[in-house]
Amino acid sequence: MSTDQNQRRPEARKPRGFPDRTAAIIATERRLVDSISAVYARWGFEALDTGPFEYVDVLGKFLPDTDRPNAGVFALQDDDEQWIALRYDHTAPLARYVAENWERIPKPFRRYSAGPVWRNEKPGPFRYREFIQCDADSVGVAGPGADAEMIAIAAEAMEAAGAAKGEYVIRVNSRQLLDGIMETAGVTDPAQRGTVLRALDKFDKFGVEGVKLLLGAGRKDDSGDFTKGAGLVANQTDTLLEFTTAGSVTRAETLRKLANSVGMTASGMQGVRDLSEIDSILNALGIGEESVSFDPQIVRGLEYYTGPVFEAEFLREFRDTDGNPMRFGSVGGGGRYDGLVARFRGEPAPATGFSVGVSRLAAAMAVSEGAQVDGPVLVLVLDKDKVGDYFAMANDLRRAGIRAEAYLGAAGMKAQMKYADRRGSPAVVIVGGNEREKGVVTIKDLNAGAAAAKGMTDNEAWRSGRPGQFECPRAEMVERIRAIVGQK
RNA sequence: GCCGGCUUAGCUCAGUUGGUUAGAGCGCUAGAUUGUGGAUCUAGAGGUCCCCGGUUCGAGCCCGGGAGCUGGUACCA
């Protein structure tokens, strides 16, 4: 039975797309969830958590491929053999909740939700299989007023998250506008419409020329693989491109161009009217062009959006490990989905919502800000028979609200200093025989010490100079430490 | 899913035409320094050369298959 082979050690490894999250990223995620949730709550939304699992048929209609319950979602069979799946967003569970509790809840129903969602697909940079979304929705309101509100909230949420004005933009479009222009261009086949929308979604990736190829015969990617296009003829492509490149610096100007766009259809006109009303509400709220723009190139997913759609982009640039400038792209999105709740019920239940991809945004912020977490103040343990004293000192610091710990273990002073350094401790408390005799403690400000040591090449000077270090009476320890910790 | 690239120490990588004991830098541990994180010097630990099979007297290197990672693309609710 237990041969050498069986006793081979397991490889320490983990599935991709589920990254380990360390202190800095956890702190950033919590800050984002708290600040974005606070925005939602302030606008009148109520917290609701629906839990991670739903029946697949509740999510089902909008799965990428309903024949394969495992495609796109993480699904498993419950003990009653019914298929359940981890939620892939907060919107589908909300639709279920609203339909299930229709008679009990106030309409319009406004709730927000923050928590992990799971997608069973190929992960990539800043793209995970588990990530946190912070989501707000209004159910039971038709008309662009609710959409305008969501867009305003999106802008406010981005700023609450720490994106300054100009570091983010909410781009807004309308599905009906896209429908209208496709009609004008004579694209009527539903499958072809899908291909066209997907092509129009790729201006940011491939530029106008790339989109042109995808609208026509097709495009070859960098690896040499070929993507089949929508197969449109030249004048159809021209019509679509004329419309989708009508975006302008101001919302009013974009609206003017769109309204004048060739042979606008009924649904196209409706889209323009919606955007126009959204514009006037945004203006009344004082939300300017740098925060929210109208962009005919925004498409979003194809399955359930029915009206205005919008996307939040984090514009701050950062450099990757090779020093190349990079962009994070979309960190949130939303729109009107009038059919999602209605599919559980006979009567219509219009709805609109917005969701921030907190994990990606947190990763973006952590990378661009070089986030790191301060360690605890470390009380060095030098005399093993006085461990109680050291614990008491650390406790005094903790009672004052300062992160602190007494060193655990048998290592010598040098190793303890090294430990403090690696933990990112702001300071250490040193009490040995000398201090105890004099009734004082020695405090070393590690950041000040590091700064003073910069450029010091002589070890003798480094060791005897004891940069950043001072003695003080035991009774003043907490206040002196507080001053060091507080100055960051 | 489709197309490409890659896989040698914890990390970044070198390794000649197939040849004996597979290397470097960084990092890690320790000492120089009874009680001081940096720097310097010294020493040490650390390897399934991704896996399986084949060719060969001999494979990190050649051939076949597989896995993983990574980039592009598809999809992205």
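Here is the naming used below: chain letters follow the sequence lines, and residue numbers restart at 1 for every chain.
- Taking atom P on both nucleotides, B:rG71 is separated from B:rG64 by 27 Å, rounded to a whole Å.
- Between B:rG5 and B:rG23, the distance separating the two C1' atoms is 26 Å to the nearest Å.
- Using C1' as the reference atom, B:rG31 and B:rA45 are 14 Å apart when rounded to the nearest Å.
- For B:rU33 and B:rG15, the P atoms lie 41 Å apart once the distance is rounded to whole Å.
- Look at the P atom in both B:rU36 and B:rA43: the space between them is 23 Å, to the nearest Å.
- Nearest to the side-chain atoms of A:Val73 among the listed nucleotides B:rA77, B:rG72, B:rC75 stands B:rA77.
- Separation of the P atoms belonging to B:rU16 and B:rG60 is 12 Å when rounded to the nearest angstrom.
- With RNA chain B read from its 5' end, the first of the two nearest nucleotides for A:Arg198 and A:Lys122 is the one closest to A:Lys122.
- Nearest-nucleotide positions on RNA chain B for A:Ala415 and A:Asp221 put A:Ala415 closer to the 5' end.
- Taking atom C1' in both B:rC62 and B:rA24, the straight-line distance is 27 Å, to the nearest Å.
- A:Gln469 comes within 4.0 angstrom of a base, heavy atoms only.
- Between A:Tyr419 and A:Tyr407, the two ring planes are perpendicular [angle over 60°; tilted spans 30° to 60°].
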